[in-house]
Amino acid sequence: MRAVTHGQPAGPPAAPRVGVVMGSRSDFETMGGALDVLRDLGVAYEVRVLSAHRTPQLLATYASRAERLNLSCIIAGAGGAAHLPGMLAAFTRVPVLGVPVQSRALSGQDSLLSIVQMPAGIPVATFAIGAAGAKNAALFAAALLATTDERVRERLNAFRQQQTRAVLDEPFFEGHPEAGTE
């Protein structure tokens with residue numbers, strides 16, 4: 001169960017605050033956006049590849065240790081049957097944020113439905129299919145941390161202000177009737 005920890009500012013390594021788990025290495029294409037967001041916001045995270053079907057004991061061990069590791073949440077990306085987020089949630093009280101990974105067979109709709117239709121009592125917060133869902137899960141994780149961590153709150157506020165400035169700096173697009181021509 002080798003973890004990679006990233007996202008911390010310069011200085012001594014910080015303990016990870018967010019676990020990022022995916023069912024296979026191929027899910028990294030989707031989950032990379034979450035890692036980028038966490039890194040940009042200075043949130044320490046660790047990355048693991050765990051499969052609900054191929055490594056169930058390892059998954060149970062990781063999930064049961066999540067609270068002791070002081071993780072604030074776990075972002076779990078899964079495709080196909082997408083049991084990973086629900087299985088993690090079954091083994092821990094740490095909030096699980098599910099990201100449906102787009103699949104070839106059903107374009108991720110199977111993943112979305114598998115994650116969002118959790119039975120009552122085992123909640124998994126569910127995000128959009130694909131890269132947008134991964135990024136939003138990371139932003140949600142940062143918002144959770146921002147309730148008690150002033151540095152994360154400041155970085156998240158700066159991120160949101162930058163988003164607003166980007167829209168206001170370019171309010172029109174080519175072809176918009178009010179854009180004019182140069």
Side-chain angles (χ1 to χ4, degrees), residues 1-8 13-41 43-145:
M1 194 166 31
R2 189 172 152 271
V4 179
T5 304
H6 298 283
Q8 60 265 11
R17 303 289 310 279
V18 176
V20 180
V21 178
M22 56 198 86
S24 68
R25 288 183 189 270
S26 64
D27 296 342
F28 184 80
E29 185 177 333
T30 297
M31 300 305 291
L35 306 179
D36 293 341
V37 169
L38 294 171
R39 188 179 313 107
D40 291 348
L41 295 175
V43 175
Y45 62 87
E46 67 175 15
V47 179
R48 309 239 181 182
V49 175
L50 300 171
S51 170
H53 304 110
R54 294 180 298 274
T55 62
Q57 290 86 5
L58 203 54
L59 179 146
T61 299
Y62 178 75
S64 64
R65 290 181 54 232
E67 204 170 334
R68 286 195 322 262
L69 293 172
N70 202 31
L71 295 179
S72 295
C73 63
I74 300 169
I75 300 172
H83 292 122
L84 178 66
M87 290 298 296
L88 286 165
F91 285 107
T92 186
R93 287 188 306 251
V94 172
V96 176
L97 314 180
V99 177
V101 172
Q102 190 164 5
S103 61
R104 284 186 219 130
L106 297 170
S107 298
Q109 293 181 31
D110 51 343
S111 309
L112 173 65
L113 293 173
S114 292
I115 296 170
V116 79
Q117 285 300 124
M118 288 299 298
I122 307 293
V124 173
T126 309
F127 292 84
I129 298 168
K135 290 176 183 177
N136 280 338
L139 289 167
F140 190 89
L144 286 173
L145 290 167

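- A heavy-atom distance below 4.5 Å is not found between the side chains of P16 and L69.
- The backbone N or O of G108 lies less than 3.5 Å from a partner atom in the side chain of S103, making a donor-acceptor pair.
- Distance check: Q109 CD to Q102 CD gives 9.5 Å after rounding to the nearest 0.5 Å.
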Can you list the steps and then say if F28 with L35 is a side-chain contact (heavy atoms from CB on, under 4.5 Å)?
CA-CA 9 Å; F28 184 80; L35 306 179; 3.3 Å; yes
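- In this structure, S64 contributes its side chain and F91 its backbone to no donor-acceptor pair below 3.5 Å.
- The shortest side-chain heavy-atom distance between R17 and Y45 does not fall under the 4.5 Å cut-off.
- Here the side chain of R54 pairs a donor or acceptor atom with the backbone of G23 at under 3.5 angstrom.
- Between A52 and L59, the closest heavy-atom pair is CA-CD1, 3.8 Å.
- Salt bridge status for E46 with R48: present, with a side-chain N to carboxylate O gap under 4.0 Å.
- In plain terms, the two heavy atoms of V94 and C73 that are nearest each other are CG1-CA, 3.5 Å.
- Minimum interatomic distance between G19 and L71 (heavy atoms only, all atoms of both residues): N-CD2, 3.9 Å.
- Across every non-hydrogen atom of A78 and L84, the tightest pair is CB-CB, 3.9 Å.
- Counting heavy atoms from C-beta outward, V99 and I129 have side chains that stay 4.5 Å or more apart.
- The shortest side-chain heavy-atom distance between L139 and V37 falls under the 4.5 Å cut-off.
- When side chains are defined from C-beta on, L144 does not count as touching S72, because their heavy atoms never get closer than 4.5 Å.
- Proximity of a side-chain donor or acceptor of S51 to a complementary backbone N or O of H53 within less than 3.5 Å is detected.
- Of the possible polar contacts, none joining the T92 side chain to the L88 backbone as a donor-acceptor pair under 3.5 Å is found.
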Which is it for I74 and V18 under the side-chain contact (heavy atoms from CB on, under 4.5 Å) test, yes or no, and what are the steps along the way?
CA-CA 6 Å; I74 300 169; V18 176; over 6 Å; no
V101 vs M22, test: side-chain contact (heavy atoms from CB on, under 4.5 Å). Steps then yes/no.
CA-CA 9 Å; V101 172; M22 56 198 86; over 6 Å; no
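- T126 contributes no side-chain N or O that, together with a main-chain N or O of G98, makes up a donor-acceptor pair within less than 3.5 Å.
- With rounding to the nearest 0.5 Å, the separation of CZ in R65 from CG in N70 is 13.0 Å.
- Atom NE2 of residue H83 and atom OG of residue S114 lie 5.5 Å apart, to the nearest 0.5 angstrom.
- Nearest heavy atoms, L97 versus F127: CB-CE1, 3.7 Å.
- Summarising the geometry of A34 relative to A134, their closest heavy-atom pair is CB-O, 3.3 Å, with the distance given to 0.1 Å.
- For the pair D27 (side chain) and S24 (backbone), a donor-acceptor distance under 3.5 Å is present.
- Residue K135 holds its NZ atom at 12.5 Å from CG of L38, rounded to the nearest 0.5 Å.
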